[in-house]
Every structure is written in structure tokens, then in C-alpha cells.
Amino acid sequence: MSTPGEYYRSLPPVSKTYGVACLMTTAAYYLGLYQASSIALYYDDVIKRFQVWRLITNFFFLGPFSFPFAFRLIIIARYGVQLERGPFDKRTADFVWMFFFGALSLLVMAAVPFLWSGFMGVSLVFMIVYIWGREFPNAQVSIYGLVSLKGFYLPWAMLALDLIFGNPLMPDILGMLAGHLYYFLTVLHPLSGGKFIFKTPFWVHKLVAFWGEGTQVNAPVQRDPSAGTAFRGRSYRLNGNRNNSAGQAQENPRTQQPDSNKGVAFQGRGYRLGGQ
């Protein structure tokens, strides 16, 4: 059995970052550090008062501490992690772009008055469920240990559960729309013979390289392994002997001591003019 710390360190970077950000946002809300209305998506405040942070912060609030909040975190920890370790393995930039595209699509949908919601994080989480169901259509899923079904039907089953429990259905539907749009542009359309033009932008690759987490196969931007180091390489002494690293110099301290027989212009005994 792994400890909680080991489990946390084993999580892939993108899902871990988003899940922790959602947890910390709700925790800060309960500590009274901010009002929920100050991070909600209000286009009037974004346009007229230049409160642009609302375009981002609304995706990190998944509601107050409750069973639905815990269930959404479980979705990120399970289905988001399986996506990042499965179809998006060694494709960190592509996975980050999936989140960016989903957020942008939801922001466009929220501009329509009857589709607006102050917090679109629930829709973003449901988008993860929809894409997981398309990537793992034959996986067996058990819902509360009562019903077993294939992964393809998981989004629809969750939609039915929200209907039974009386939860709003619009966030789920918007998440499914955003997920289907992404899956169509990146998978279905290219497989049907269409041209794949929906590539991960270059700036996302640069962002992931700057972040220094995860890997990307055939990335146009490679992370610099020597970043943060002023000089790295082999050192040479003036007498021509090569010292491979500073670590070897520490293991052999004799190499650091100057040779008394070298670097001297004249060697021998000295005599004073008096002959002594």
C-alpha cells in the first residue's frame, strides 16, 4: 500500500495540478479569503471593468464541499489520470491544449445568455468524462456498485443520475458538446480522411517546456536540460590534464593542489652575493 504522499507524487502533472487547484480554491472559499462572486464569470465585469481573471478562475470552483464536489475530484483523479497516462501518454502539451480548447469553447457557449453559468468548472470536468468514454468505449464501468456498463455510455449514465438527483443538466450538456467538438476535430475528422489542421499551438509547447513537467513526443520545443546553469561542461587545467567534473576534483583533492615543480621559471639552490 502506497502512502498518500507517494500516491500524490505518482500522479501525472496536468491532472494533479488541476485537481489541486480546484481543491485549494474551495478551501480558500471556506476560509473566507474571497467571495465566490469575485471569481465568477460575469462578462460585464470582464469587458467594462477589465476583470479578466474571471475568464480563468471560474473553472477552478467546483462548488462547496459536498458529495458532488468530491465526486468531481474523483473524476479528475480517475478519468483524467487515465487519459493522461493512456491516449495522452508522452503528449503533455496535447493534453494541456485539450483543457485550453475546452475552456475556450465553454467561454464562447457562455456568451449565449441562456447557456451562461457563473462557474464552468463542472462542464470542464464533464468534458473529461466524455472524452474518456470515447477513448475507452469498451472499458467496464461500475456505477455505485449497482450498474455495470461500457465506458462509451458513462457520460449518458451520469447525465441520467443528475436528472434523478435533481441537479442542473445544462453544465453536463455543455461539457459533452465541448468534448465532442474536440474529439471530432482531433480524431474523427482526420480518421475520415479530412486534413488534420487542429494541431496543438506552438505557444502551448513552449508553455509546457517552460513548465518543465511531462514530456511530448516530437515536440517543436525541447526543454533545455542546462537551464539555470551558467556553465556546464568539462574543465581543463593549464597543464593539459583534463578534469571531467567538479565531483571528481572533490574525490581527488590532490589534483587541486599546485605542483611545486611546475610553473616556476628557475629551480635550484639560491646563493647570496656574499658566498654564504
Item checked: Any Leu23 side-chain heavy atom under 4.5 Å of Phe69 side chain -> yes
Notebook entry, point to check: Hey, does Trp211 have a side-chain heavy atom less than 4.5 Å from the side chain of Pro13?
Noted result: yes
Next item on the list: Establish whether Phe114 and Val108 are linked, either directly or via other cluster members, by ILVMFWY side-chain heavy-atom contacts under 4.5 Å.
Entry: no
Notebook entry, point to check: Among Val125, Val141, Ile74, which one satisfies side chain to side chain contact (heavy atoms under 4.5 Å, CB included) with Tyr79?
Noted result: Val141
Next item on the list: Report the distance from atom NZ of Lys199 to atom NE2 of His205, rounding to the nearest 0.5 Å.
Entry: 9.5 Å
Note to self: Membership question, hydrophobic clusters at under 4.5 Å side-chain separation (ILVMFWY): are Met176 and Val122 in the same one?
What the structure shows: no
Checklist line | Any donor-acceptor N/O pair, Thr26 side chain to Gly63 backbone, under 3.5 Å | finding: yes
Note to self: Does atom CZ (Phe50) have a neighbourhood of more than 12 heavy atoms from anything else shown, all under 6.0 Å?
What the structure shows: no
Check: Would the number of heavy atoms belonging to other residues, nucleotides or ligands and lying under 6.0 Å from CD of Gln35 be above 12?
Finding: no
Note to self: For Phe100 and Trp203, take the angle between the two ring planes, folded into 0 to 90°, and tell me which bin it lands in: parallel under 30, tilted 30 to 60, perpendicular over 60.
What the structure shows: perpendicular
Checklist line | Min side-chain heavy-atom separation Pro201-Val204 under 4.5 Å | finding: yes
Check: Distance from Asp162 atom CG to Leu169 atom CG, nearest 0.5 Å?
Finding: 6.5 Å
Check: Donor-acceptor pair, Ser66 side chain versus Pro64 backbone, under 3.5 Å?
Finding: yes
Check: Side-chain contact, heavy-atom cut-off 4.5 Å: Phe59 with Leu107?
Finding: yes
Next item on the list: For this output row, return yes or no: ring centroids of Phe198 and Trp97 closer than 6.0 angstrom.
Entry: yes
Note to self: Let's go through Tyr183 and Tyr130 carefully: what are the C-alpha distance in whole Å and the side-chain angles of both, what is the deciding distance for ring pair (Phe, Tyr, Trp, His ring centres under 6.0 Å) to 0.1 Å, and is it a yes or a no?
What the structure shows: CA-CA 9 Å; Tyr183 193 78; Tyr130 182 85; 7.4 Å; no
Notebook entry, point to check: Does the side-chain contact (heavy atoms from CB on, under 4.5 Å) test come out yes or no for Ile173 and Leu159, once each step is laid out?
Noted result: CA-CA 8 Å; Ile173 297 174; Leu159 187 66; 4.2 Å; yes
Item checked: Side-chain donor or acceptor of Arg54 paired with backbone N/O of Ser37 under 3.5 Å -> yes
Note to self: Count I, L, V, M, F, W, Y as connected when their side-chain heavy atoms are under 4.5 Å apart, and connections chain through other members. Are Leu104 and Ile56 then in the same cluster?
What the structure shows: no
Next item on the list: Look up atom CD1 in Ile128 and atom OG in Ser15, then write down how far apart they are to the nearest 0.5 Å.
Entry: 6.5 Å
Check: Is Phe202 atom CZ crowded by more than 12 heavy atoms from other residues, nucleotides or ligands, each under 6.0 Å away?
Finding: yes
Checklist line | Rounded distance (nearest 0.5 Å) linking atom CZ of Phe119 with atom CG of Leu62 | finding: 10.5 Å
Item checked: Which atom of Leu181 lies closest to which atom of Ser105, heavy atoms considered -> CD2-OG, 4.1 Å
Notebook entry, point to check: With ring centroids as reference points, do Phe152 and Phe136 lie under 6.0 angstrom apart?
Noted result: no
Check: If we only count heavy atoms from C-beta on, is the Leu124 to Tyr18 side-chain gap below 4.5 Å?
Finding: yes
Checklist line | Same apolar cluster (I L V M F W Y, side chains within < 4.5 Å links), Val129/Val81 | finding: no
Check: Going from OG1 on Thr57 to CG on Leu41, what distance comes out if it is rounded to the nearest 0.5 angstrom?
Finding: 8.5 Å
Note to self: Please give me the minimum heavy-atom distance between Asn58 and Gly118, naming the atom from each residue.
What the structure shows: CB-O, 3.4 Å
Item checked: Distance-minimising heavy-atom pair for Pro155 and Phe126 -> O-CZ, 3.3 Å
Check: Can you check whether Glu6's main-chain N or O pairs, donor with acceptor, with Thr3's side chain at less than 3.5 Å?
Finding: yes
Check: Out of Asp89, Val14, Ile131, which residue meets the side chain to side chain contact (heavy atoms under 4.5 Å, CB included) rule with Leu83?
Finding: Ile131
Note to self: What I want to check is whether the side chains of Thr92 and Gln216 have a donor and an acceptor closer together than 3.5 Å.
What the structure shows: no
Next item on the list: Give a yes or no on whether Arg78 atom CZ has more than 12 heavy-atom contacts from other residues, nucleotides or ligands under 6.0 Å away.
Entry: no
Next item on the list: Measure the CD-CG distance between Gln51 and Asp44 for me, rounded to the nearest 0.5 Å.
Entry: 10.5 Å
Checklist line | Minimum side-chain heavy-atom gap Ile47-Tyr42 below 4.5 Å | finding: no
Margin query: Between Met158 and Ile75, is there a side-chain heavy-atom distance shorter than 4.5 Å?
Written below: yes
Next item on the list: Please report the shortest heavy-atom distance between Arg134 and Pro137, naming the atom on each side.
Entry: O-CD, 3.5 Å
Next item on the list: Report yes or no: do Tyr30 and Phe61 belong to one cluster of Ile/Leu/Val/Met/Phe/Trp/Tyr joined by side chain heavy-atom distances under 4.5 Å?
Entry: yes
Note to self: Any salt bridge linking Arg49 with Asp45? Criterion: basic side-chain nitrogen under 4.0 Å from a carboxylate oxygen.
What the structure shows: yes
Margin query: Please report whether the ring centroid of Phe95 lies less than 6.0 Å from that of Phe99.
Written below: yes
Next item on the list: Look at the side chain of Trp53 and the backbone N and O of Ser38, then say whether any donor-acceptor pair between them is shorter than 3.5 Å.
Entry: yes
Next item on the list: Report yes if some heavy atom in the side chain of Met127 is under 4.5 Å from a heavy atom in the side chain of Met98; otherwise report no.
Entry: yes
Item checked: Test log, rule side-chain contact (heavy atoms from CB on, under 4.5 Å), inputs Phe101 and Leu185 -> CA-CA 11 Å; Phe101 176 82; Leu185 293 175; 4.0 Å; yes
Checklist line | Shortest non-hydrogen contact from Ala178 toward Gly102 | finding: CB-O, 4.4 Å
